[in-house]
There are 2 protein chains.
Amino acid sequence: MALTSSDSSQRTAPVTDQSNSSPKRPLTLRDVSEASGVSEMTVSRVLRNRGDVSAGTRARVLEAAKELGYVPNKIAGALASQRVNLVAVIIPSLSNMVFPEVMTAISEVLDDTPLQPVVGVTNYKPEREEKVLYEMLSWRPSGVIIAGLEHSDAAKAMMASAGIPVVEIMDTDGDPIDSVVGISHRRAGRMMAETIIKAGYRKIGFLGTKMPLDHRARKRFEGFTQALAKAGLEIVDKEFYAGGSALAKGREMTAAMLARNPGLDFLYFSNDMIGAGGLLYCLEKGIDVPGQIGLAGFNNIELLDGLPKRLATMDACRAEIGRKAAGIIADRAAQGDDGGSGGKRIELSPTINPGDTLRLRPSQGAYPED
Amino acid sequence: MALTSSDSSQRTAPVTDQSNSSPKRPLTLRDVSEASGVSEMTVSRVLRNRGDVSAGTRARVLEAAKELGYVPNKIAGALASQRVNLVAVIIPSLSNMVFPEVMTAISEVLDDTPLQPVVGVTNYKPEREEKVLYEMLSWRPSGVIIAGLEHSDAAKAMMASAGIPVVEIMDTDGDPIDSVVGISHRRAGRMMAETIIKAGYRKIGFLGTKMPLDHRARKRFEGFTQALAKAGLEIVDKEFYAGGSALAKGREMTAAMLARNPGLDFLYFSNDMIGAGGLLYCLEKGIDVPGQIGLAGFNNIELLDGLPKRLATMDACRAEIGRKAAGIIADRAAQGDDGGSGGKRIELSPTINPGDTLRLRPSQGAYPED
DNA sequence: GTGAAAGCGCTAACAC
DNA sequence: GTGTTAGCGCTTTCAC
């Protein structure tokens, strides 16, 4: 791909610096055409590597384009060809660690295609999501990848009628507009609860974010409490935070909760970062983890490798989600498919990583395994 | 801004779902024009809130647009108006924590303008930077914000001749194409060295990334060793890593270095994350920090609040850099300035945050302060 | 293998 | 206040 001569030579420096010679009018195909003595049409063909062009003209055009420092105008190109090789990727946040990872996976897949990702950030606000979506759709992208299944009616309507493939990612608990790739966060919560119960923990506290708009955290919580209920258990205590450093908040909340309920034997954190804060607190206080208290988070953040103990957590399949989602868009785009042909539904299976903060067997043999 | 009626109503759901009624052809102004019985031109004016339109027609147009679920085509708009309200933001990485923060500041400033940021990621590779830049410039953005001062000749030429404002950010040690906003990383390295020396530490180790393309880390290292040399000191040991979890690497490298050189009394880490790994290691080993060994990192990452001790570090003014850079672009865009009018040069002053891992007075009174 | 004409969907500029 | 005309810089299509 990077080896085709036109590809590399197109974006090369202007050998003759035109910036002082002419008044700063952006160069057009016509300029290259005149400089090379070749018609605009043929110049266009050379620059896009389309159709047959003789080696001679080809060389002359490339030479002229390079000399002038010509950069094609994609706006005009897109309007004329009715094709925009952009994929809108709409995510709640960049500072969450989770989303950059999904982005990376998406980029990797799209790198092998003509498509390019464009990111929009919503900050977990539906009205911002709607605005960002509107802005992006107005550039007529080839597809949309958007986090979550919860959107305003207007947003849903826009996506449904855009005539392009839409992939909702991260979460599968709900009705997709078109395609979905993700995990069931309810199931993830349930799985964690079952694992904890099986390990013999009984007095369980929950610590999470206050964000009512973080639907995935909410669903994990629901799944978690539901599975506990099924085993006749109930959360002993819970606490939610908003803002500030997650690590510090995890520490503080853990301190507060353990002060209120010294008898707790497990803390389930809605993300790894606050979990790490809790872990550091427990270790500092000399609490036996996972003997006296077990801990678990969510996300399997690589960032945290290197803590004194590895926090038990759950892999949310972020990279795989990104890859699959990008793959769906890429396939559809390659087929010239406009999104009408029924969406895919891909539910990935998250796995529990017990780390060092979750004992695997019940201490008193209360619940035999299997 | 969000209160102007056109602004909010433009992006509202199609009340009548057109997706089944017509073959999936994207709607055009003409459709709205016909549906409302108003000329395309006037529809355009209403939708953009330009010029005087009577309340009556205005209402009818809005009604029709909403009904149809019309989303304007920015491609056509941009081509016709020769205006693209996009700002290209080109950064090395999203997973670095540093850049999302800069992005956030940029977005905040641009939110008050018609401009919109579009991110491109280079992964610290010059050839990718060149490609990303080329792609973005081909959309004719209103400005470019790009990390660093080191670019390929081709990249520099493209930016110089693009006829738009260019702001290079993060670093001021070098020659900008147009404007710069950042800190001097050489100075940052020197400052840290001077502070460390003043505090009485003498046997200093350095731990950093192996990336030869992380110019800012390199400059900090240079400034650091240079200031040590001035005081007649030399780094006792150094170690570089690549890949993997920074926290874990910091821990491992610290262990290795202290095993080799038990006499070290200070470790300077090129970033907070590996610094945190080192800190955790020292605390675990019962090493007296900052008595026996002092530690410092770089970046003042909020993420790390909550560690057992606050790591000494240096604030890189990330938010301020983002704000100032976006401000420059926004001002120029508002003035219709094409970037010809001489760039600004803004050098911010990083400050040292001693945290709990850097004693402030020399223990033996070797170097009296001021 | 190359060129000429038409037009993508909008908006600037000017008429009315 | 509203409509008309003429492009924006490309690519499509078709002729040669």
Side-chain angles (χ1 to χ4, degrees), chain A residues 6 10 25-62 64-65 68 70-85 114 135 137-142 162-163 336, chain B residues 6 10 25-62 64-65 68 70-85 114 135 137-142 162-163 336:
Chain A
S6 85
Q10 272 174 226
R25 172 186 55 80
L27 294 164
T28 68
L29 258 192
R30 171 173 219 108
D31 295 307
V32 182
S33 165
E34 285 170 358
S36 63
V38 175
S39 79
E40 284 186 47
M41 198 49 238
T42 301
V43 172
S44 169
R45 280 196 269 254
V46 171
L47 263 23
R48 285 176 301 145
N49 250 359
R50 285 293 173 76
D52 297 315
V53 181
S54 73
T57 27
R58 184 185 172 67
R60 264 189 302 150
V61 168
L62 254 20
L68 297 170
Y70 172 69
V71 176
N73 186 330
K74 286 216 178 178
I75 312 227
L79 183 61
S81 67
Q82 303 282 63
R83 243 193 312 271
V84 181
N85 287 328
E135 294 286 336
L137 287 181
S138 71
W139 288 101
R140 301 283 187 268
S142 298
Chain B
S6 84
Q10 273 174 223
R25 174 186 55 82
L27 295 164
T28 68
L29 258 192
R30 170 173 221 110
D31 294 307
V32 182
S33 165
E34 284 169 359
S36 61
V38 175
S39 79
E40 283 186 46
M41 197 52 233
T42 302
V43 171
S44 170
R45 282 196 267 255
V46 170
L47 263 23
R48 285 177 301 146
N49 248 358
R50 285 291 172 77
D52 296 315
V53 180
S54 74
T57 24
R58 182 186 175 69
R60 265 189 303 151
V61 169
L62 255 19
L68 296 170
Y70 172 69
V71 176
N73 185 330
K74 286 217 180 178
I75 313 228
L79 184 60
S81 67
Q82 303 281 63
R83 244 193 316 265
V84 181
N85 287 327
E135 293 288 335
L137 287 181
S138 71
W139 287 102
R140 301 285 187 267
S142 297

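Keep in mind that this is a model prediction, so the values were computed, not measured. Below, read A as the first sequence line, B as the second, and so on, with proteins coming before strands; counting in each chain starts at 1.
- When side chains are defined from C-beta on, B:Ser36 counts as touching B:Val43, because their heavy atoms get closer than 4.5 Å.
- Look at B:Thr42 and you won't find any side-chain N or O under 4.0 angstrom from OP1 or OP2 of D:dG1.
- Two residues are said to be in side-chain contact when any heavy atoms from C-beta on lie closer than 4.5 Å; B:Val61 and B:Val53 fail this criterion.
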Where protein sits on nucleotides 8-16 of chain D, one letter per nucleotide: B base, S sugar-phosphate only, - none, heavy atoms under 4.0 Å:
BBBBB----

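- Taking the 5' to 3' direction, DNA chain C first and last meets chain A under 4.0 angstrom from a heavy atom at C:dG1 to C:dG9.
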Under the side-chain hydrogen bond (donor to acceptor under 3.5 Å, both in side chains) criterion, do B:Arg58 and B:Ser54 qualify, and how do the steps go?
CA-CA 6 Å; B:Arg58 182 186 175 69; B:Ser54 74; over 6 Å; no

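- Taking A:Ser39 as the reference, A:Met41, A:Thr42 meet the side-chain contact (heavy atoms from CB on, under 4.5 Å) condition, with sequence neighbours excluded.
- Taking 4.0 angstrom as the limit, B:Thr57 places a side-chain polar atom (N or O) nearer than this to OP1 or OP2 of D:dT2.
- The shortest side-chain heavy-atom distance between A:Leu27 and A:Val32 does not fall under the 4.5 Å cut-off.
- Between the side chain of A:Ser138 and the main chain of B:Asn73, no donor-acceptor pair closer than 3.5 Å is present.
- Judged by distance alone, with hydrogens and angles left aside, the side-chain atoms of A:Ser44 form no donor-acceptor pair with the main-chain N or O of A:Glu40 at under 3.5 Å.
- Between A:Arg25 and A:Asp31, at least one side-chain nitrogen of the basic residue sits less than 4.0 Å from a carboxylate oxygen of the acidic one, meeting the salt-bridge criterion.
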